[in-house]
Structures are given as structure tokens and as C-alpha cells.
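Have a look at the structure below, then the notes.
Both counts, for ligands and for their atoms, begin at 1 and track the order of listing.
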Amino acid sequence: MKRRDFIKLSAVAALSLTVPNIVRAANNPRVVVVGGGFSGATCAKYLKLWGGSGIDVVLIEPNATYTSPILSNLVLNNVKNISELRFGYNSLRQYGVQVIHKKVINFDTENKRVSLDDGTSITYNKLVLAPGIDFIYPNSYDITKIPHAWIAGEQTLFLKNVIDSLQNGDRFVMSIPKAPYRCPPGPYERACVVADYLKDRGLSVEIIVLDENADIIVEKDSFGAKFREYGIDYRPNSKVTYVNDQTFEVTYTQNGSSHTISARGINIIPNQKGGQAIFLAGVNDGNFAPVDTKNYESLIKKDVHVIGDAHHSSQPKAGHIGNGEAKVCAEAILRELSGYELYSAPKTNSTCYSPVSNTEATWLTAIYQYDPTTKDMKIVPGYPKAGTPSSQNFSDMFKWSGNLFSDTFA
Ligand SMILES: Cc1cc2nc3c(=O)[nH]c(=O)nc-3n(C[C@H](O)[C@H](O)[C@H](O)COP(=O)(O)OP(=O)(O)OC[C@H]3O[C@@H](n4cnc5c(N)ncnc54)[C@H](O)[C@@H]3O)c2cc1C
């Protein structure tokens, strides 16, 4: 709330002075936002909300509807229908954002131009990249046979079918990627939700979790206790090296030795990198894009900003904080276009609610503060804070997610 109040106040203060300057320009400055997920949609919305008629905002997103990965594990156990997680872009249009349903296939950052997959191109004064994640597969296998379900939509429904087809005595194997990856608690949450769902259906299914990390990386007490309660076979330091989509076998290494296990149900969540756009724009350093988190401008190319899961910083890759990064970025871009100094001490907040059954959830939250020395965000002392599984948290989860969904898409 404090951050939101600040943003409103500072934006109003800045814009009451600055918007007239923008309006007087012969041509409005144009900001092109690539990707309409939690970070991109928020950034486009707030650029227009705060920038008003003084700025042109174009959002480029190939899909007419966005499916939220947040709460998508609850589709697996029938608590949510996937249609409840789908959002369109008409509200953004009503704010004055020009939404184009195309994919960006090339960038000319010298001449400030992006090329779309219909052969057209569009110029920008400022470019915001919010393309989410892409996967680093251990080998080439068919994801229509072995789902990741880490980008929500068809993959979520496919994984649900896999889980619904399991029978007594079957084995379900899922893998957890090496950090950093999208939503640190998400895979542990998924293992719990699936175990609880299968138990509720009266099925005895062996569940093996292969974690490439050395230990449960967040909320160890809560997830560890639930894993023991559900009888989940948790194997740390387990790196998936080969997935066989013909024999339904997974090969992994653990502490130097190689093992192969077969399973009727397999869910591989591969290692991750930023969406292809950051590579096409040449703003990646390794798998993600380094930025100055004061304004999310690339440390490699000027006037290119990267927010959400595709950027690299100390912040987690998550939708709630992506929404916050987007507002910091939008406000900074408006200041820059108006010739004002950047706000020097932005703060962001991350929150993840994790269902661990169809009635209980836990949560994890942290606040981050800009550190001018490193140009990165630094966790505020006293954080992270975590909850414990409860039905109260389960119901709070829907209030929290409802607020986040409407702040982003409504
Ligand atoms: C099971 C699960 C549970 C989760 N729970 C939580 C939670 O409790 N709290 C939380 O904060 N986060 C949670 N997350 C994480 C959250 O969903 C992601 O961190 C968030 O979606 C990232 O937002 P983004 O905008 O960076 O990327 P995305 O939401 O993936 O959006 C990227 C968009 O860019 C578009 N795009 C990509 N390439 C191009 C291109 N070339 N041209 C145009 N458009 C392009 C894509 O179509 C997509 O719409 C969860 C994730 C999962 C999988």
C-alpha cells in the first residue's frame, strides 16, 4: 500500500508538471511494450494511466487472451477452472493502450524499430521487453507427450489429463529446475497439490520429486513437513539429463551417479532462460537480461528496458513483483521522457501464495529496496517472511490474486 500510495503521489506530482511538456511536443513519444503478461500488461496500463494523452503506448502480444500461471496448480485438483484464469486486453484498450496481437520477431535497436511477424514494423522512443521465460531442455523431446505446464494454458490442461489418468500403483515423477526459475515455491506447491488430489481420489501413487537444487529452496519447513505427510520421495541434487518420450523414462544424475526411472505420469519443469526477445534484442548476459533496477533499463543497450521474469536481478521471478517492477519502470520512463530525475529509492514487494491441498495454503513475502552501489535491489532486513499452511491463508489467497489480476488486466 505504501508503495502504491507513493507511486500515485509521485506520479501525480511529476506528471502535473511534466505531461504538458509531452503534449506540446509535435509527436507524442511512443513506448512499445513487448509481452502482455503480468509485467508487460501492468507497464502498458500504468504508462497510459499516468502518462495520459502525452504518450503513445503500444502493447505487442501474440495471444488475444492471457492465461495466468498464478493459481494454475489449482486447475489440476479442480479448485479452479482454467477459464477463471484467462484475461483479455479490452480494459487496456479502454485506457488508451494500442494492443497489437502479433509477435515481435526482430529488433533494430540502433534505429529504434521492432519488426512483427506480419511483415510490419514500428518505431519507438522507449522499448520495454516483458517476454517471460523460455526453456532449456535437457534433450529434444516432445512436450505434447511430456508436459512442463510452467507456461499456463494448454500445457496445464494436458498435465491435468496426465494426472487424471493415473491409477493405483502408478508412479508420478516431476522435476524441479535449477534456480533461478519462475516462481520459486511453485514446483513444491505443485507436488503437494498433486499428492493431496491423488490421495483424495483414494489412489496410491508413488510420487518422486527430482530437484536439481541441493535442498528445498523456499519455505522448507512447510513444504518439508507436507512432503513427509504425503509420503513424497524427495531427491535433492537430482539433475534431469535425458527424457525419453517413447519409453516414458527419465534419466538423472544424483551425486555423480546416473539413474533411469520409468513412470506413467511425468512432469518435467526444465531449466529456464529469458524469453527469446531478449536474445533477439541483444540485451542478455547469459540466460537473462541485466538491468539497473532504478528504471529497469538494460545495462547493455540504452532505451531498452527489461521487466518481469526475463530480467536478471536479486528479485524472484514472480508475477506479483513483476507487476511492481512494471510500475517502477513506467514511472521512471515518464520521468525520463519529461526530463525529470529518476526517483532514487524504489521499493518492490514479492508475494507468493502456495496451495498445499484443496483447503490449505501458505505464503512467502519479501520487500526489496534499491541499492545504488550495485544498481540491484537488496532485500530489506526482516524479510523474507513466510506463513504456515492454513485454511485462512487458502481463502486470503483468492483475495490477493483477485487484486493482482484486476490491477494488471482490469
Ligand atoms: C504454477 C505457478 C504458480 C505461480 N504462482 C505465483 C504466485 O503465487 N505469485 C507470483 O507472484 N507469481 C507466481 N507465479 C509466477 C508468475 O506466473 C510469473 O512470474 C509471471 O507470469 C511472469 O510475468 P512476465 O510478464 O514476466 O511473463 P509472462 O506472464 O509469461 O508474460 C510474457 C508474455 O510475453 C509474450 N511474448 C513472449 N515473446 C513475445 C514476442 N516475441 N512478441 C510479443 N509477445 C511476446 C507471451 O505471449 C506472454 O504473454 C507462478 C507461476 C507458476 C507456473
Does the Lys NZ or Arg CZ of Lys239 fall within the cation-pi geometry relative to Tyr252 - under 6.0 Å from the ring centre and within 45° of the axis? no

Starting from atom 21 (O) of ligand 1, locate the nearest protein heavy atom and write down its residue, its atom name and how far away it is, to 0.1 Å. Tyr66 OH, 3.2 Å

Quick one: look at Thr351 and ligand 1, take heavy-atom pairs under 4.0 Å, and tell me if it's side chain, backbone, both or neither. backbone

At what distance is the nearest protein heavy atom to atom 26 (O) of ligand 1, and which residue and atom is it? Asp309 N, 2.9 Å

Quick note on ligand 1: atoms under 4.0 Å from a heavy atom of Gly308 include exactly 26 (O)

Compute the shortest N/O to N/O distance between His320 and ligand 1 and return yes if it is under 3.5 Å, no if not. yes

As an exercise, identify every atom of ligand 1 less than 4.0 angstrom from a heavy atom of Asn73. 1 (C)

Please work out whether any backbone atom (N, CA, C, O) or any side-chain heavy atom from C-beta onward of Phe38 is under 4.0 Å from ligand 1, and answer side chain, backbone, both or neither. both

Gly319 versus ligand 1: do any nitrogen or oxygen atoms come within less than 3.5 Å of each other? yes

Nearest 0.5 Å, please: how far is CD in Glu212 from OH in Tyr181? 11.0 Å

Give the numbers and elements of all ligand 1 atoms closer than 4.0 Å to a heavy atom of Tyr353. 8 (O)

May I ask you to establish whether Arg201 and Tyr197 are in a cation-pi arrangement, using a distance under 6.0 Å from NZ or CZ to the six-membered ring centre and at most 45° from the ring axis? yes

Thinking salt bridges, do Asp309 and Arg182 make one under a 4.0 Å N-O criterion? yes

Ligand 1 atoms in contact with Ala130 (distance to a heavy atom under 4.0 Å): 32 (C), 33 (C), 34 (O)

Would you please classify the geometry between the Phe227 ring and the Phe223 ring as parallel, tilted or perpendicular, with 30° and 60° separating the classes? tilted

If you scan protein heavy atoms around atom 34 (O) of ligand 1, the nearest is Gly35 CA, 3.2 Å

Taking distance alone, with N or O pairs closer than 3.5 Å, would you say Ser39 contacts ligand 1? yes

Students often mix this up, so state it plainly: with edges at 30° and 60°, are the rings of Phe405 and Phe87 parallel, tilted or perpendicular? tilted

Could you check if a side-chain atom of Arg171 sits within less than 4.5 angstrom of a side-chain atom of Val205, using non-hydrogen atoms only? no

Determine, using heavy atoms of Gln276 and all atoms of ligand 1, whether some pair is separated by less than 4.0 Å. no

Partner set under side-chain hydrogen bond (donor to acceptor under 3.5 Å, both in side chains) for Ser121, not counting sequence neighbours: Arg113

Going by the closest heavy atom to atom 2 (C) of ligand 1, which one wins out of Pro69, Gly186, Gly40? Pro69

Is Ile307 close to ligand 1, meaning an N/O of one under 3.5 Å from an N/O of the other? no

Enumerate the atoms of ligand 1 whose separation from the nearest heavy atom of Lys317 is less than 4.0 angstrom. 19 (O)

Protein residue, atom and distance nearest to atom 37 (C) of ligand 1, heavy-atom basis: Pro131 O, 3.4 Å

Val34 heavy atoms within 4.0 Å reach ligand 1 at atoms 40 (C), 42 (N), 43 (C)

By number and element, which atoms of ligand 1 are closer than 4.0 Å to a non-hydrogen atom of Ile60? 43 (C), 44 (N)

Looking at ligand 1, would Ser72 count as a contact under a 4.0 Å heavy-atom criterion? yes

Are any of the heavy atoms in Gly275 under 4.0 Å away from ligand 1? no

Students often mix this up, so state it plainly: with edges at 30° and 60°, are the rings of Phe38 and Phe409 parallel, tilted or perpendicular? perpendicular

Taking atom 28 (P) of ligand 1 as the reference point, the nearest protein heavy atom with its distance: Arg182 NH2, 3.5 Å

Show me which atoms of ligand 1 lie under 4.0 Å from any heavy atom of Asn63. 47 (O)

Glu61 and Asn63 side chains, donor-acceptor separation under 3.5 Å: yes

So is Lys273 actually on top of Phe279's ring, under 6.0 Å and inside 45° of the axis? yes

What residue and heavy atom of the protein are closest to atom 31 (O) of ligand 1, and at what distance? Gly37 CA, 3.3 Å

When you measure from the centre of the six-membered ring of Tyr383, is the NZ or CZ of Lys385 under 6.0 Å away and within 45° of the axis? yes

Among non-hydrogen protein atoms, atom 44 (N) of ligand 1 lies closest to Pro62 CD, 3.1 Å

Measuring from atom OG1 of Thr388 to atom CG of Asn393, what distance do you get when rounded to the nearest 0.5 angstrom? 6.5 Å

Report the C-alpha separation of Val58 and Arg30 in whole Å, then their side-chain angles, then the decisive distance to 0.1 Å, and conclude whether the side-chain contact (heavy atoms from CB on, under 4.5 Å) test is met. CA-CA 7 Å; Val58 181; Arg30 181 187 291 143; 3.9 Å; yes

Atom 46 (C) of ligand 1: which protein heavy atom is closest, and how many Å away? Glu61 OE1, 3.5 Å

Ring-plane angle category for Phe398 and Phe394, please: parallel below 30°, perpendicular beyond 60°, tilted otherwise. perpendicular

What is the minimum heavy-atom distance between Ala366 and Ile379, and which atoms define it? CB-CD1, 3.8 Å

Does Phe107 come within less than 4.0 Å of ligand 1, judged by its heavy atoms? no

